[in-house]
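Below, chain A is the first sequence line, B the second, and so on; all start at residue 1. This one's a predicted model, so the numbers in the text were calculated from it and none came from an experiment.
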There are 2 protein chains.
Amino acid sequence: MALDTKGREFGEQDRVSDRVKKHAIRLGICLHTCHSVIICLKQTPNPTASEFIPKGVQVPSSHLGAVSQSPAVGSYSPAIFTNPMMSTPASLAPGLSLSAGSSPLHSPKITPHASPTPHRHGHVLNHSSFPGTADGLPVGQVVANASPVEAPSLAAMVQNETVRGTTYFYTDPRVNQHPGMVFPSYHVYPSPSPNVAYMQPKANAPSFFMPDELRQDLINRHLLTMSQIDQSENPDIPAEVDNYHSLFPLEPPQTSPMQKSNTFGYTTTCYKAISSKDCMPYCLRRIHGFRLANTKCMALVDMWKKIQHSNIVSLREVFTTKAFGEHSIVGLFYFELFQFYFISNKCLLPESLIWAYVVQLSSALRTIHSVGLGCRVVHPSKILINGKTRLRINCVGIFDVLTFDGHQVNPLARSPQFQQEDLAALGKIVLALACNSIAGIQHDTFHKAMDLVALNYSPDLKNLIVYLLSGQSRPRSVNDIMPMIGARFYTQLDAAQMRSDVVEEELAKEVQNGRLFRLLARMGTINERPEFQKDPSWSETGDRYLLKLFRDHLFHQVTETGAPWVDLGHIVHCLNKLDAGIPEKLSLVSRDEKSVLVVTYADLKRCFDNAFSELLAAANGQL
Amino acid sequence: MALDTKGREFGEQDRVSDRVKKHAIRLGICLHTCHSVIICLKQTPNPTASEFIPKGVQVPSSHLGAVSQSPAVGSYSPAIFTNPMMSTPASLAPGLSLSAGSSPLHSPKITPHASPTPHRHGHVLNHSSFPGTADGLPVGQVVANASPVEAPSLAAMVQNETVRGTTYFYTDPRVNQHPGMVFPSYHVYPSPSPNVAYMQPKANAPSFFMPDELRQDLINRHLLTMSQIDQSENPDIPAEVDNYHSLFPLEPPQTSPMQKSNTFGYTTTCYKAISSKDCMPYCLRRIHGFRLANTKCMALVDMWKKIQHSNIVSLREVFTTKAFGEHSIVGLFYFELFQFYFISNKCLLPESLIWAYVVQLSSALRTIHSVGLGCRVVHPSKILINGKTRLRINCVGIFDVLTFDGHQVNPLARSPQFQQEDLAALGKIVLALACNSIAGIQHDTFHKAMDLVALNYSPDLKNLIVYLLSGQSRPRSVNDIMPMIGARFYTQLDAAQMRSDVVEEELAKEVQNGRLFRLLARMGTINERPEFQKDPSWSETGDRYLLKLFRDHLFHQVTETGAPWVDLGHIVHCLNKLDAGIPEKLSLVSRDEKSVLVVTYADLKRCFDNAFSELLAAANGQL
């Protein structure tokens, strides 16, 4: 096979010089199979060494020292990439640590010991010994010209200067804006902030998802959002209902088709559905066999649609449809991906959790009552829980459509009654939570239940239930329970803010990964491209040739012993420098070892952008 | 140059057959320059077509239909990758849309029109016509054996079966667990959830960072955390203080070295510093020229260290040091990266914002007072703001060290007095916020300031200030102001929960990118590796050869016209399938066009894992 032959030829030449090479490397001598033999002086980590500084180039000596303290792979599981040098980061002399750079199989600039990773937990004060500093260029290293073919494009790209027969390619770096202070000129990864790293769960506060659970939860949500049915096996589910498609049942099928919802008194089914308008997932709740008599109720629906609250599942719209083969009314809600229904606990609930629910439910009721509406669905089956303690009331507004009385002049006439019922329902729920059974809601067991509450919980909680369930001289108001909640508001707020910090910390870890992924993906479209614009050597010549060498620098380095050097820290590090196009220099060695090119990341970035723009232009038919 | 020559040879051969190819492609004919000429029948998108199904292989026909509705590039800025087909996703006949697959330069399986991207906003009900379904295999397509060299490794890897001279490679896919329901078998990206997408700012609620600001804020924080000084230009800053290094001044240098802090009455300086123990950033506050007389005060410091609250910057430790060349005491705090000090506003503040501050400050004070301590730093200069409305009190505990009275038996003896001062200080701050100037704090202007408050804000706010600043018959308590806050607790909590939803939504977008990046990085270490274990053809043979073809499939596809097909959606899509190792089949075409390999992503995943394990083993010296 053609590729194979090529491979084998390549191999012979390598195997021949192999033993010699290893030896040469150990001596710090860069051996060449071609005309010129080049001696690389061992480089010292001292930044003041007589390094070639191109005209007008002035790089801060402590250029980004912080890097090596930064957990460059902070947001990556170390299990996936292991760094062979992790074990002995400090055990090697600086001189030695850089000599491996001359190995013909990789560029001299970076070596395993220069990886940002090993230093991660080290304490390095001598900035100049960092990777990413400008002192990495071997002193007096001989740099041959690039092959004549790409010389012109190279020349057009970067300035170059020849000193003692050594050609240096460079561009003027940006000037350091803050004398004495060094800000990262490319993205580096800070360690987690201590306030999250050392966060302790609080006894009296509701718990919330910590990082790992949070990520698992997010992935589960993705799964549920993207799940769908096999149309062929579910002929009864319509392909499309109004502007919604890809219906996916969210509730187990009824035992009998005649089974009615305890809440609404009609048969109901609930689907996830995708809107054709905004492509977002919604929750579609169908009320079977309901014929809308009076469209005046839409006035109430409009009021509901205006309500936005973090503890209410927002109603999007209500419409009638025959898509299910009969007259149905459909309520569309935001799809909240709250998977778990209320009350599914084995043991007695901590009082802090019950109060967390009380605060959120009363918060929702207060918003609803304040606009003159009644909730009417304060029922365990209509309350969704997520993230352990976050709660939302579901199916609001449906009742106002089902039981709309066209003869009423004022559609809100019965709201005061509904609001009283809401508060009583809230009382029943708190009671059910406190004795951890729906049974508590039944009237005959009420007193036994209250004794349980008095036994296990604070008087405040008992008083709250009594206020909500026992007869009152004047109408109850959700505002009356605020004093009973009292300082627990502070607890809830503290917990909510702490949770926010946790999620934000996770986001901070990930926020750069999309960018890095796009960068690698773009590089993939350029490197090794077999053919472009009838030029099969496109990815091998000119700007692209440098990028090919950079690819090797990134991925294919080996240690002195010839073992592969696999270090995600190094990859992330170099990619961030490339993306920022910093003036820092690096040397790239061609595979045939004939040329060593000293270029800055800024040059590479220019090559990269040019090459990719060419591809895009061609893709868009502009070439 | 060797690489160049190689390139040119490669080129010739290509240029020769170029025109012929283009024509062949248009006819849907896959033309080969070698012995065998193969006719590809145009494939139909109909999944029930008589496709070869290997023994015991049964793939759900609607395998992951949802994919094509998923914004596969959801978390990527489309600006970076543009899809040439975006414009005309539906305008091509399905037959045609797939024939291009036979183009020798890329594998037949995926074509631009089959990209998940174009369908993104489309409404596709025929699942079987999706990319990612199992029907992509051309009917009766002739599949030549892989070259003898890799045949054995291939055989060991996957089962294969020859039908009508066609060899199919396959493995038994997993059985679908949920009949009638299809859950994604690899990661796909849901659209944003509507409750965040349609989130409206609330008039009476404190505002918070929306996604873009949030990301910018995170990046700025990274920058500040990683910034450091140039040691050589800052000789006065010690390299190391106790267990902390890399000091970075957080406050502008004093105008005169004798300048004293208004708060503490000593010269103070503040640095960011990295801990050598946990490598995390901390805020180091130095009190110049202070000699600690009595270590009993450490009892108070220990109390402070125990306080964890989302509105207090936690104190980590206090120690004395001579590192600055004189006796100094140093307080170490969590580095919160809250950049902005309090009160830096031009116009009158919205009342909702003032209440947001009141709630958070009183929450902090309540926590401090409840353990018997006094805050003593309720001062604009010690209050940090972030994310528009989030607030933290800084420098707690310092005063208890500076003014510690060793003669007191009970170190908390003066706390009641301090707590009263805290509440008065809170009153001054609220007043200063309400009339938006520190001047309001001065006593002589008090009444004018109060008139302003009465003019612009609610009576509640005025009453709060009056309660905190005017003399009271009995000692004030932070608990007394809860009723004045009242229902505003609900507003704060709602805002905090909404913000949490926004941040979580952002995290949901990014949470998969780290994984994808690692995947591409690992692939980079395998593809085109010049030499491994003395075998230069390692990356070109056996398992790795399949991965090389997959790389081409991923990055180097072209359209019928030979234009590059650049589509991040396709790349993300295929990588997720690879990572999940799903049973879906795809066909890979070798560059020399001699062989078409039909493999499943599961097979590719196995190749991938094997190859990378080999590398890691070698890197860890186990080979």
Side-chain angles (χ1 to χ4, degrees), chain A residues 1-3 7 10-11 14 62 66 75 84 123 125 147 149 180 183-184 188 190-191 194-195 218 225-228 230 233 239 276 279-280 310 334 363 489-490 494 496-498 500 503-504 507-508 510-511 513-514 516-518 520-521 524-525 536-537 540 555 563-564 566 571 592 615 619, chain B residues 1-2 4 7 10-11 14 62 66 75 80 84 123 125 147 149 180 183-184 188 190-191 194-195 218 225-228 230 233 239 276 279-280 310 334 363 489-490 494 496-498 500 503-504 507-508 510-511 513-514 516-517 520-521 524-525 536-537 540 555 564 566 571 592 615 618-619:
Chain A
M1 215 194 91
L3 282 164
F10 200 110
D14 257 12
S62 70
S75 53
H123 160 185
L125 286 166
S147 68
V149 178
F183 294 94
V188 283
S191 56
N195 66 319
L218 287 174
T225 318
M226 300 313 300
S227 59
Q228 63 171 38
D230 182 346
E233 298 185 32
S276 314
C279 294
M280 291 190 203
S310 57
Y334 287 176
S363 182
F489 277 115
Y490 283 124
D494 189 27
Q497 287 173 338
M498 280 170 69
S500 217
V503 185
E504 215 168 311
L507 180 58
E510 293 284 356
V511 75
N513 293 344
L516 286 174
F517 172 73
R518 290 191 297 272
L520 264 195
T525 61
S537 66
E540 300 290 335
F555 292 123
V566 182
I571 296 170
D592 67 359
L615 274 181
Chain B
M1 221 194 85
D4 247 22
F10 199 111
D14 256 14
S62 69
S75 52
I80 291 182
H123 160 181
L125 286 167
S147 67
V149 178
F183 295 91
V188 283
S191 56
N195 66 320
L218 287 173
T225 316
M226 299 313 300
S227 58
Q228 63 171 37
D230 181 346
E233 298 185 33
S276 314
C279 292
M280 292 189 200
S310 57
Y334 287 176
S363 182
F489 277 115
Y490 283 125
D494 188 27
Q497 286 174 338
M498 281 170 68
S500 215
V503 185
E504 212 168 312
L507 180 58
E510 294 282 356
V511 75
N513 293 343
L516 285 174
F517 172 74
L520 265 194
T525 60
S537 67
E540 300 290 335
F555 293 123
V566 182
I571 295 169
D592 65 1
L615 275 180

Once rounded to the nearest 0.5 Å, what's the spacing between atom OG of A:S500 and atom CD of B:E504? 9.5 Å
Given the side-chain rings of A:F489 and B:F489, with only the six-membered ring counted for Trp, is the space between their centroids under 6.0 Å? yes
The criterion is ring pair (Phe, Tyr, Trp, His ring centres under 6.0 Å); which residues satisfy it with A:F555, sequence neighbours excluded? none
So, for A:A521 and B:I571, which heavy atoms are closest and what is the spacing to 0.1 Å? CB-CD1, 4.2 Å
To the nearest 0.5 Å, what is the distance between CG on A:N513 and CG on B:L516? 9.5 Å
Side chain, backbone, both or neither: which part of A:L507 has an atom under 4.5 Å from a heavy atom of chain B? both
Between A:Q497 and B:S310, the two heavy atoms sitting closest are OE1-OG, 2.7 Å
Closest non-hydrogen atoms of A:A619 and B:V566, given as atom of the first, atom of the second and distance, are CB-CG2, 4.3 Å
